[in-house]
Structures are given as C-alpha cells and as structure tokens.
Asker: 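I'd like to ask you about the structure that follows.
Only this structure's heavy atoms are used, side chains among them; waters, hydrogens and symmetry mates stay out.
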Amino acid sequence: MPIPFALAALLTAAAPDPLSAPIVAAENGFAADARRYGTRLAFLAHFDAGSWLFRPYPVDALGALARDADDGTPHEWTPDLAGVSASGDMGFTSGPWSAHAAGTDGLLHGHFVTVWKRGDDGIWRVQVDGGISHPPLAKPAGNVDVLVRGGDAPAKALAADELARRRRQLETTDDTLRHALADQRGDKATTWLGALRPDARALRAGHAPATGKEAHKLVAHDAPGIGSGPRRALDVAASGDLGYTIGGDASCAACGTYYRIWRWQDGAWRVLVDLARR
C-alpha cells in the first residue's frame, strides 16, 4: 500500500520568492536535461567541481560520474521543497524521484535532497546530492513549499571574521550531535529535541518524508550510531544563515551516512533537513 503523503498537510504551500525561484528553476532544468540527454550527462552538466554524491558514502561526484556507464534508464524527479540563504548564494531543493527498476517493468521511488550554490557567473550548480528510497506516495507532488525564504533582494555577506566564527560554530554543533548519536547510552529523542528545528524535515529509507513532530518521532527510531560517522564536508552561505554538513565512510559501517541542512537563528545552528541511512 502507498505510504500516506502527510507533508502537504503539515507545510503551507507557497510560491517561491524571488531568491528561491531560481533554485527551483535550476532543479526543474536539471530534471528536464535528464529526460532529454540522459541521467549521466545531466549530472555531469549540473554538478560543480568539488561536489559530492552519495554512493552510498559521500564521494567526489564528477569522478564517480565520469566512470559511470549511462544505461539509458529513465530517471525523473521534481522539487516539492526549497530554501535559500538571505544572501541568495546557497539553497536546497527536495522532492520525489522515480526510476525504472533494472530488468523489470516496475518503478523505484524515493526522495532526494540537493544543495545548490550560485557561482560568480550567476549559474546555480549542485554541491551535494543524496536521497532515500521508499514505497510510492499516495499523493503526487504539487506546489513547492519554501522553508527558508530569501526575500526580494540578497542581503549583504557577513564580514569575514563573523562568517568564519559561524563556520566554526557549525562544525562544533555538528560534532556535538555526532558524538551524542554515537553514545549508545544516550537518549536519541532528547538529543534530537535540542538539535532539530520545530519545522524540520527528516528523510529515512522506507518512509515518506516526515515534518515537524512526525520528524522528531522518525529520527528517534534510528538504529544506534546512525548519523555519527566522520564528517566529509561542510559549507556555509555568505550570509551565515544556511549551511550543510555531510558524513560517513566505510571505516564505520554502523554509523551509516548523514546529510544535514542547518539554519542559523537566534544565535545557534539547528537542523532543518536531516537525511540519514545505513
């Protein structure tokens, strides 16, 4: 049976604002290129140098894609969630994907999360891409919900010393969360209560994306150690209000992988989107 699609009831549908609209357009253009030219070529065209892809651990995206063979399997996706930094240089999209299962007439389904960054040339390119699989959802994607609005015009970039301070604070906050999740004696529900925002989205394999209170319930059922692996990359928007951390490698299989989008508010970083899997 399809999993009920509860996200639409928990988030208020809204049209992208001027700063987030280009990210939604970039994601839709990316998906259109995959239909037109094939998945591998589209990924190569839209990923930035130094970008990351989960396979299942974070790897150099362009290096991995260069070695891929494109078997022509149709792969379709569309965004249903977006967010953008106040400076308009970093954002994210998330939404459902489907692909034909090899050797069958059936479809695989899931949700993706993509971090985008705007280059000096004004072009948005993928920085990180990862996702989960789950049964088909009962409700198809509709409008794009915007969790973080950039406004009508970009805000000024933070001074270099303040931006560096926020990067260090994100690193420390991510470390604190990883260490708490690694503690077998710790209470995951309490750990996540302090780490997740009230409007956070959680993505776990086999489940529909969960938001708000349902997200807190979902992450509290993670296997011990999930999300505590070594960090592989971190970045923060020029305005210092949006960032991401990713981690996990084969040295700790029980730790799985994690992919977190963070929002700075009221003097602290808290998780806005969390994707973890073993």
Asker: Could you state the interatomic distance from CD (Gln169) to CG (Asp174), rounded to the nearest 0.5 Å?
Answerer: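 So the gap between those two atoms works out to 12.5 Å.
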Asker: Report yes if the distance between the aromatic ring centroids of His75 and Trp97 is under 6.0 Å, otherwise no.
Answerer: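 Yes: the rings meet the under 6.0 Å criterion.
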Asker: Specify the closest pair of heavy atoms between Pro79 and Val24, including all atoms of both residues, with the distance to one decimal.
Answerer: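 Result for this residue pair: CG-CG1, 4.2 Å.
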Asker: Please check if atom CG in Asp121 has more than 12 non-hydrogen atoms from other residues, nucleotides or ligands closer than 6.0 Å.
Answerer: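 Counting other residues, nucleotides and ligands, CG of Asp121 exceeds 12 neighbours.
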Asker: Check Pro198 against Arg270 and note the closest heavy-atom contact, atom names and distance.
Answerer: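 The pair with the smallest heavy-atom distance is CD-NH1, 4.1 Å.
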Asker: Is the gap between the ring centers of Phe92 and Tyr244 under 6.0 Å?
Answerer: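 No: the rings miss the under 6.0 Å criterion.
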Asker: In plain terms, say whether Asp249 and Arg231 are close enough for a salt bridge, that is, a side-chain N and a carboxylate O under 4.0 Å apart.
Answerer: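 Salt bridge: no.
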Asker: Are Leu181 and Leu234 connected in a single hydrophobic cluster, I mean Ile/Leu/Val/Met/Phe/Trp/Tyr linked by side-chain heavy atoms less than 4.5 Å apart?
Answerer: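 Cluster IDs for Leu234 and Leu181 match.
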Asker: Just by distance, with hydrogens left out, do Ser20 and Asp17 show a side-chain donor and acceptor under 3.5 Å apart?
Answerer: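 Yes, a side-chain donor-acceptor pair sits under 3.5 Å.
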Asker: Among residues two or more places apart or on two chains, list those pairs meeting disulfide bond (SG atoms under 2.5 Å apart) that have a residue in residues 176-249.
Answerer: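 Counting only pairs at least two positions apart or across chains, no disulfide bond (SG atoms under 2.5 Å apart) contact touches residues 176-249.
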Asker: Mind checking the OG-CG spacing from Ser51 to Asp129? Nearest 0.5 Å is all I need.
Answerer: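 With rounding to 0.5 Å, OG (Ser51) is 9.0 Å from CG (Asp129).
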Asker: Do you know the tightest heavy-atom contact between Gly248 and Pro58?
Answerer: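 The pair with the smallest heavy-atom distance is O-CD, 3.2 Å.
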Asker: State, to 0.1 Å, how close Ala237 and Leu163 come at their nearest heavy-atom pair, and which atoms those are.
Answerer: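 Closest pair (atom of Ala237, atom of Leu163, distance): O-CD1, 3.3 Å.
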Asker: When the aromatic ring centroids of His134 and His111 are compared, is their separation below 6.0 Å?
Answerer: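 Aromatic pair counts; centres sit under 6.0 Å.
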Asker: Ring of Phe43, cation from Arg40 - is the NZ or CZ under 6.0 Å from the centre and inside 45° of the axis?
Answerer: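 That pair does not qualify as a cation-pi contact.
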Asker: As a test of understanding, state which of Leu242, Thr245, Val236, Leu272 forms a side chain to side chain contact (heavy atoms under 4.5 Å, CB included) with Trp262.
Answerer: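 Result: among Leu242, Thr245, Val236, Leu272, Thr245 is the only option passing the side chain to side chain contact (heavy atoms under 4.5 Å, CB included) with Trp262.
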Asker: Minimum heavy-atom separation for Trp124 to Ala26, with atom names?
Answerer: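 Trp124 and Ala26 have their closest heavy atoms at CB-CB, 4.0 Å.
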Asker: Is it possible for you to say whether Tyr258 and Leu218 belong to one hydrophobic cluster, with membership spreading through side-chain heavy-atom contacts below 4.5 Å?
Answerer: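 Shared cluster, no.
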Asker: Okay, side chain of Ser239, backbone of Ser87: is any donor-acceptor separation there less than 3.5 Å?
Answerer: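 At least one qualifying donor-acceptor pair exists.
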Asker: Without placing hydrogens or testing angles, list every side-chain donor-acceptor pair under 3.5 Å for residues 151-160, not counting sequence neighbours.
Answerer:
none

Asker: Flag the pair Asp274 and Arg260 as a salt bridge only when some basic side-chain nitrogen lies within less than 4.0 angstrom of an acidic carboxylate oxygen.
Answerer: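 Looking at Arg260 together with Asp274, the answer is yes, because their closest N to O distance falls below 4.0 Å.
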Asker: Would you please classify the geometry between the Phe112 ring and the Trp77 ring as parallel, tilted or perpendicular, with 30° and 60° separating the classes?
Answerer: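 Perpendicular: the ring planes of Trp77 and Phe112 meet at over 60°.
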Asker: Take Ser85 and Asp89 through the side chain to side chain donor-acceptor pair (under 3.5 Å) test and state the conclusion after the steps.
Answerer: CA-CA 7 Å; Ser85 65; Asp89 66 324; 3.0 Å; yes
Asker: Is a side-chain N or O of Arg166 found less than 3.5 angstrom from the main chain of Gly240, in a donor-acceptor match?
Answerer: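 Flag set: sc Arg166 to bb Gly240 pair under 3.5 Å.
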Asker: Taking NE2 in His221 as the centre, count heavy atoms belonging to other residues, nucleotides or ligands within less than 6.0 Å. Is the count above 12?
Answerer: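 Result for NE2/His221: open.
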